[in-house]
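Everything numeric in this text was worked out from a predicted model, so none of it was measured. When reading the values below, keep in mind they use all heavy atoms of this one structure, side chains included, and skip hydrogens, waters and symmetry mates. So you know, we letter chains A, B, ... as the sequences are listed, proteins then strands, and number each from 1.
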Protein chains: 2
Amino acid sequence: MITKAYAALTAKDPLAPFQFERREVRPNDVQVEIMYCGVCHSDIHQVRDEWGESIYPMVPGHEIVGRVIKTGKDVKKFKAGDIAGVGVMIDSCRKCKNCRQQMEQYCVEDMTGTYNGMERDGVTIAQGGYSSQIVTDERYVYHISSRLDLKAVAPLLCAGITTYSPLRYAGVTKGMKVGVVGLGGLGHMGVKFAVSFGAEVTLISTSPSKQKDAERLGAHKFLLSTDEKQMKGSDSYFDVVLNTISANHDYEKYLNLLDLNGKMLVVGLPAEDPRTRPFALIKNRRSITGSMIGGTKETQEMLDYCAEKNIVADIELIPIGQINEAYERMIRNDVRYRFVIDMSTL
Amino acid sequence: MITKAYAALTAKDPLAPFQFERREVRPNDVQVEIMYCGVCHSDIHQVRDEWGESIYPMVPGHEIVGRVIKTGKDVKKFKAGDIAGVGVMIDSCRKCKNCRQQMEQYCVEDMTGTYNGMERDGVTIAQGGYSSQIVTDERYVYHISSRLDLKAVAPLLCAGITTYSPLRYAGVTKGMKVGVVGLGGLGHMGVKFAVSFGAEVTLISTSPSKQKDAERLGAHKFLLSTDEKQMKGSDSYFDVVLNTISANHDYEKYLNLLDLNGKMLVVGLPAEDPRTRPFALIKNRRSITGSMIGGTKETQEMLDYCAEKNIVADIELIPIGQINEAYERMIRNDVRYRFVIDMSTL
């Protein structure tokens, strides 16, 4: 089926109107008319081939919210009219030990990303959510409560689950001291989740101007990471530090903030490999743990949790025609805290 | 009391005969006549001021086994004639939350090392086990079973507890797949402990010549880390990797070996901070965890466990006069796997 979209044709081109063919609905597929698509920093990395091996033409977008318009004959979870989401992953092998426990993001044969990769047929380029509709196996489609502000739900599909999952894995709960490093798309969701789990939350940032926003988002404290005295004063203070920084940096500075058995959760992906000071690791028996989005079970759990607690992202809605300008503003950190494209403007 | 010893007077000097004053036994002190002292690689680092801030004159040595010759009037755990051990730590604040749970190695005010530091009176230089006797508060002295080969027990006080503690913390047990990187003083104890806990143990080394020894120590498999094909074949294989490397290296290569939720335990302290690839961390939700020796409770537990299982180090006994030559051989990796000084030769 012909699908309208915005795509990058090369790493140098701006995004521009594009058309491509999506498959017809198969027995287990759900067809979703896309209402909103969040704009993730990884869209820029991949459009501009900053991680290497990008595939063009590329329709980015993996924070997708829309309405089900058609379901295959074997689909059980969805019916036409349902509000549905698609995230960072649209397929996986479904047979390996990790897929069997619905942690498909760690599929032994590697998950299939929503865009910038080949589908598992080996011939079709997967294309993302800067488009009018998407057709996906129902396993990788999520229910979304229509009670939530749907445009602000879109970023939950990547920024939300990427921060929810490691905070849950680290057992963040009432009374724990959690630091969130960086207040961007990921960081602002990290603050909201950690606060909702009952933790004492500190926003850690290089920018004093973020303090007000951090408080508005529910953070209890603010730590200016460029102030050595403040940092020294928080030495060995935290149980968990969620590190969302995607700029180049070393880990020691944030490791030093961790108390006995403290955990630094890494979700940012700097281009240059950070250095880790072993002396900072062995002190207090500290850990660094990586985490990648979440599996299908946990993603649905997170969306249900957000519906229950009325948690959504802070967003700025843009028409698709402003996408290239939005990329420039994101690079300047000029967004609070996620752009979402109104796909009706396509 | 006048104490005979070997000491370094500066970072450049070889170790040479030396005399110094130890305190008289105080009410809670145990005086131990030293029979054996293990030679740890960190002795060389500190004697040569390779970690900075070394204090001279320095009597190294923190793998001490001997016989109690005197006890203070309030000592409860020991009596004259007991076999006793002293390890890496001789004091701590005893009041902080970590000391209160007998994890004094993570003392909030920093533990007092056995040598190359000031005692908590602030004026006495702590001096180690290359000496005829040591006087220490009984809290930091351990019981040792006289059933064990005492000269081979000495390295348990550092190399032993340094590997035992993180393997226990990571929950290594029957059926788990454990890789041990590096077969030196730490690595050979790591292999013995992991095998005794029931794990399937693989020795990972750059040196094919270590394969035979690894098997003799109980390892089930051998992985040559310079062979890319072998390393690729073990991608995502292990639950735990104990990284004992003290030479400069990056973490990615060993992280890649870890399966879902796999843990790399870091106990080696390279001079240069290793790089960590975030993509390798987020894949499989891998962790890096540091660990430093063990607390007084766990050290006694480890020594009791070794007595029960008849676990000791593989050592080469030397007279104190050969200590400088032994350092040179250690730097060339020419020791299997720990030198122990026969202190009766002092």
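Across all their heavy atoms, B/Leu157 and B/Glu63 have their closest contact at CB-CA, 3.9 Å. Across B/Arg94 and B/Cys99, no two heavy atoms sit closer than the pair N-SG, 3.3 Å.
For chain A, the option among B/Met292, B/Glu252, B/Arg277 with the highest count of heavy-atom pairs below 4.5 Å is B/Arg277. The residue among B/Pro166, B/Ala280, B/Ser287 with the most heavy atom pairs within less than 4.5 Å of chain A is B/Ser287. Listed options A/Leu281, A/Ile282, A/Ile288 were ranked by heavy-atom pairs under 4.5 angstrom with chain B; first place goes to A/Ile282. Ranked by non-hydrogen atom pairs under 4.5 Å with chain B, the options A/Val108, A/Asp250, A/Asn261 are led by A/Asn261. The choice from B/Pro270, B/Pro278, B/Gly268, B/Ser165 that makes the most heavy-atom pairs within less than 4.5 Å of chain A is B/Pro278. Between chain A and the residues B/Asp273, B/Val267, B/Asp259, B/Leu265, the most heavy-atom pairs under 4.5 angstrom are made by B/Asp273. Put simply, of A/Phe279, A/Tyr251, A/Tyr169, the one with the most heavy-atom pairs under 4.5 Å next to chain B is A/Tyr169. The most heavy-atom pairs under 4.5 Å with chain A, out of B/Asn98, B/Asn284, B/Leu269, come from B/Leu269.
Only the side chain of A/Glu272 comes within contact range of chain B, with at least one heavy atom under 4.5 Å from a heavy atom of that chain. Contacts between B/Ser236 and chain A at a heavy-atom distance below 4.5 Å are absent for every atom of the residue. Contacts between B/Arg286 and chain A at a heavy-atom distance below 4.5 Å involve the backbone alone (N, CA, C, O). For B/Met103, the part lying near chain A is the side chain, with the backbone staying farther off; criterion is any non-hydrogen pair under 4.5 Å.
Between the side chains of A/Thr112 and A/Asp91, not a single donor N or O lies within less than 3.5 Å of an accepting N or O. Side chains of B/Glu298 and B/Tyr164: a donor-acceptor N/O pair is absent below 3.5 angstrom, by distance only. Side-chain atoms of A/Thr296 and A/Arg139 form no donor-acceptor pair, as typed in the model, at a separation below 3.5 Å.
A/Thr114 places a side-chain N or O within donor-acceptor distance of the main-chain N or O of A/Gly87, the cut-off being under 3.5 Å. Distance alone, capped at 3.5 Å, places no donor-acceptor pair between the B/Arg285 side chain and the A/Ser291 backbone.
For B/Tyr254 and B/Phe238, the ring centers sit 6.0 Å or farther from each other.
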